[in-house]
Number of protein chains: 2
Amino acid sequence: MQLTSRGRYAVSAMVDLAKHQNEGPITLSSISERQFISLSYLEQLFRKLRENNLVESVRGPGGGYLLAVEPKDITISHIMSAVNETIQTTMCKTDETGCHRGSRCGTHNLWSALGLHIKFFLETVTIQNVCDDKDFLNTLKAVEKTLSKQ
Amino acid sequence: MQLTSRGRYAVSAMVDLAKHQNEGPITLSSISERQFISLSYLEQLFRKLRENNLVESVRGPGGGYLLAVEPKDITISHIMSAVNETIQTTMCKTDETGCHRGSRCGTHNLWSALGLHIKFFLETVTIQNVCDDKDFLNTLKAVEKTLSKQ
DNA sequence: GTTATACCCGACTCTTTTAGTCAAGTTTAA
DNA sequence: TTAAACTTGACTAAAAGAGTCGGGTATAAC
Ligand code: FES
Ligand code: FES
């Protein structure tokens, strides 16, 4: 199980955008160079980011992309969902092909809890945090401290 | 990104085994029926579980598998590693094909923290917990409470 | 000692997902 | 008019995953 590059690239690009926020529209080719992501691939990703209202585009020469929302209000979860990078931990369907043929399997609550655990992290960290490169590490420490006390 | 069935099946099977612990060696075909997992696939998984000393096998008629360790000492993480179901959140390599061509990218700490976050959960929950079907949910609540206080 | 049970093992195929490309547009500042 | 830069749909190739197959070997029961 591996975080796909779709999700990682999208976040990298959004962070790059946030860091150059005050420089006007940022071209994909400049992001491409800085983040080592192919231009075509970025175009694909930004289509989805725009459709999800996370970025705004400016066409024509001098154009590029701008954040449509403030960095502190964009969570990693927003970005991941936008590019269809969902983290699916359960495999239950209601039909005959599901986990336990319709009913809940003995591990359902485990995977469901894992899913929530991950979701919580992704919804807590914003790209502002990533730019600052510290808050989510503190978050993590607090979590571990709590758990180890049990 | 999706939890693979390799990992989910392995955990399901181990939990099944734990629940029938006191019945002597458990055959794979009985697990196969209860958990809706093909026998061949189970054999593949149990090979790895045995190589990692999580289960013991008894050959011949009346044979089957037994837990090699107590349920309270087997974490989800143990099982997942045994069947090569690692959750990889970073993509850094040291060579020229890595994330940022050798150096750290701006999102490295984020993914690294996510990886630790998941790892912590998987190392905290045991199959005993899953059998009881409650402890890891409490764990989760404690985490969320801590985080929401920040 | 034959037989049936059930574990053991390597290799293989099929399917799905992901990564990345390509070839065509359209808008607009200079 | 031109060139920069976004827009779009479709396409291909590579990787990972799921699951199968055909052979084994050990051993309890008869
Ligand atoms: S994971 Fe939901 S029923 Fe098995
Ligand atoms: S994830 Fe480690 S360098 Fe990018």
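Keep in mind that what you see is a predicted model, and the values were worked out from it rather than measured. Here is the naming used below: chain letters follow the sequence lines, and residue numbers restart at 1 for every chain.
- Sequence order on DNA chain C of the closest nucleotides to A:Glu85 and A:Gly60 puts A:Glu85 first from the 5' end.
- For A:Ser38 and C:dT21, the shortest distance from a side-chain N or O to OP1 or OP2 is below 4.0 Å.
- For the pair B:Arg8 CZ and D:dG17 P, the computed distance is 13 Å after rounding to whole Å.
- Here D:dA4 presents its C1' atom at 12 Å from CG of A:Leu39, a figure rounded to the nearest Å.
- Distances shown here put every side-chain N or O of A:Tyr9 at or beyond 4.0 Å from the OP1 or OP2 atom of C:dA19.
- Taking the six-membered ring for Trp and thresholds of 30 and 60 degrees, A:Tyr41 and A:Tyr9 have ring planes more than 60 degrees apart, a perpendicular arrangement.
- Donor-acceptor pairing under 3.5 Å, judged by distance alone, is present between the side chain of A:Gln44 and the base of C:dT21.
- Regarding B:Leu42, its CG atom lies at a distance of 16 Å from the P atom of C:dC9, rounded to whole Å.
- Rounded to a whole Å, the CD atom of B:Gln2 is 7 Å from the P atom of C:dT17.
- B:Phe46 comes within 4.0 angstrom of no nucleic acid atom, judged by non-hydrogen atoms across all strands.
- A close approach under 4.0 Å does occur between a side-chain nitrogen or oxygen of A:Ser57 and OP1 or OP2 of D:dT7.
- Phosphate proximity of D:dG17 to B:Ser5: absent, as no side-chain N or O sits under 4.0 Å from OP1 or OP2.
- Rounded to an integer number of Å, the gap from CG of B:Asn84 to P of D:dA18 is 12 Å.
- Note on A:Ile26: only backbone sugar-phosphate atoms sit closer than 4.0 angstrom, heavy atoms only; bases stay farther off.
- A:Met14 has its side chain within reach of A:Val55: a pair of non-hydrogen atoms, C-beta onward, lies under 4.5 Å apart.
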Quick test: give all pairs of protein nitrogen or oxygen and nucleotides 24-26 of chain C nitrogen or oxygen below 3.5 Å, distance rounded to 0.1 Å.
{"residue": "C:dT26", "atom": "O2", "partner": "A:Arg59", "partner atom": "NH2", "Å": "2.5"}

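- The side chain of A:Arg50 contributes an N or O atom lying less than 4.0 Å from OP1 or OP2 of D:dT8.
- Within the structure, a side-chain polar atom (N or O) of A:Tyr65 is placed less than 4.0 Å from OP1 or OP2 of D:dT7.
- For the pair A:Gly62 and A:Ser40, both in contact range of DNA chain C, the more 5′-proximal nearest nucleotide belongs to A:Ser40.
- Proximity note for B:Tyr41 (side chain, C-beta onward) versus C:dA4, D:dC6, D:dG19: the nearest is D:dG19.
- Following rounding to the nearest Å, B:Arg6 (CZ) and D:dA16 (P) show an atom-to-atom distance of 11 Å.
- Atom CG in B:Leu66 sits about 14 Å away from atom P in C:dA6, given to the nearest Å.
- The side-chain heavy atoms of B:Ile26 and B:Leu66, taken from C-beta on, include no pair separated by under 4.5 Å.
- Between B:Met91 and A:Leu3, every side-chain heavy-atom pair lies at or beyond the 4.5 Å cut-off.
- Tracing side-chain contacts under 4.5 Å through hydrophobic residues (I, L, V, M, F, W, Y), one reaches A:Met1 starting from B:Met80; they form part of the same cluster.
- Residue A:Arg47 places a side-chain atom within donor-acceptor reach of the base of D:dG9, judged by atom type and a 3.5 Å distance cut-off alone.
- If you take CG of B:Leu3 and P of D:dA16, they are 17 Å apart, rounded to a whole angstrom.
- Contact of the B:Val15 side chain with the B:Cys131 side chain is registered, since non-hydrogen atoms from C-beta on lie closer than 4.5 Å.
- The closest side-chain heavy-atom distance from A:Leu42 to A:Tyr65 is not below 4.5 Å.
- Residues B:Arg50 and B:Ser57 approach most closely at CD-OG, 3.6 Å, considering heavy atoms.
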